[in-house]
Participant: 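Pasting in a structure now, in structure tokens, and then I'll have a few things to ask.
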Amino acid sequence: MLSESIQQAINRQITYEFAASHAYMAMSAYFEAMALTGFAHWFRVQSEEEREHALRFFDYVNDRGGRVALGAIEEPQNEFASPLDAMEHALAHERRVTAAIHAIYALATQENDYPTISMLKWFVDEQVEEEKNAEEIIQHLKLVGSDGAGLLMLDQRLAEREDEEEE
Ligand code: FEO
């Protein structure tokens with residue numbers, strides 16, 4: 001059985017992950033409108049991953065005999081100043097997600113909730129990967145600068161992303 005405080009924290013996280021999925025689809029649409037279909041694809045896959053994260057938490061609450069309660073999702077940001085601006089927003093979002101996961105981890109540790117600690121380990125590792133990926137694209141965008149050919153090459157590379165989520 002989940003404690004009330006852990007259940008509330010995970011329910012907030014479920015909504016947060018769905019909100020991330022929503023926000024990344026808005027970024028995908030932004031890149032589609034710029035004909036940067038590789039970036040658009042990358043964000044679509046990212047959006048799908050966020051939905052899978054939400055479902056992982058969703059299933060966990062149910063597995064522990066808890067009650068899932070979803071919150072509202074705000075309208076996401078639809079316009080960005082540049083591809084770099086969009087990626088920087090994505091990275092800032094990932095950093096907030098990391099902080100939220102660490103806060104649940106700390107709470108679970110305080111309460112000696114070992115199953116929650118174990119479940120969260122996958123997310124702790126996943127966040128390292130997610131931040132690294134966003135940081136790498138930001139570095140590449142900075143290198144490319146205003147070089148259109150470089151941007152198109154980066155777009156082609158991002159088009160190759162597959163959904164790498166593992167169970
Ligand atoms: Fe579900 Fe990108 O954190």
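Start at 1 and go down the list; that is how both ligands and their atoms are numbered. Throughout, numbering of the chain's residues begins at 1 and tracks the sequence. Note that the structure is a prediction, hence the values are computed from the model and not measured.
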Participant: Does CZ in Phe58 sit with more than 12 non-hydrogen atoms of other residues, nucleotides or ligands closer than 6.0 Å?
Facilitator: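 Not more than 12 within 6.0 Å, no.
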Participant: Report the relative orientation of the aromatic rings in His53 and Trp122; use parallel for angles under 30°, tilted for 30 to 60°, perpendicular for over 60°.
Facilitator: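 Ring orientation of His53 relative to Trp122: perpendicular.
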Participant: Around atom 2 (Fe) of ligand 1, what protein N, O or S atoms are found below 2.8 Å?
Facilitator: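 Atoms qualifying: Glu50 OE2, Glu94 OE1, Glu94 OE2, Glu130 OE1.
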Participant: Could you tell me whether the side chain of Asp85 reaches within less than 4.5 Å of the side chain of Tyr30, counting heavy atoms only?
Facilitator: no
Participant: Taking atom CZ of Arg51 as the centre, does the number of heavy atoms from other residues, nucleotides or ligands within less than 6.0 Å exceed 12?
Facilitator: no
Participant: Let me know which of Tyr105, Phe57, Tyr60 forms a ring-ring contact (aromatic ring centres under 6.0 Å, His included) with Phe123.
Facilitator: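 So, applying the ring-ring contact (aromatic ring centres under 6.0 Å, His included) to Phe123 and each of Tyr105, Phe57, Tyr60, only Phe57 qualifies.
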Participant: Of Tyr24, Phe43, Trp42, which meets ring-ring contact (aromatic ring centres under 6.0 Å, His included) against Phe31?
Facilitator: Phe43
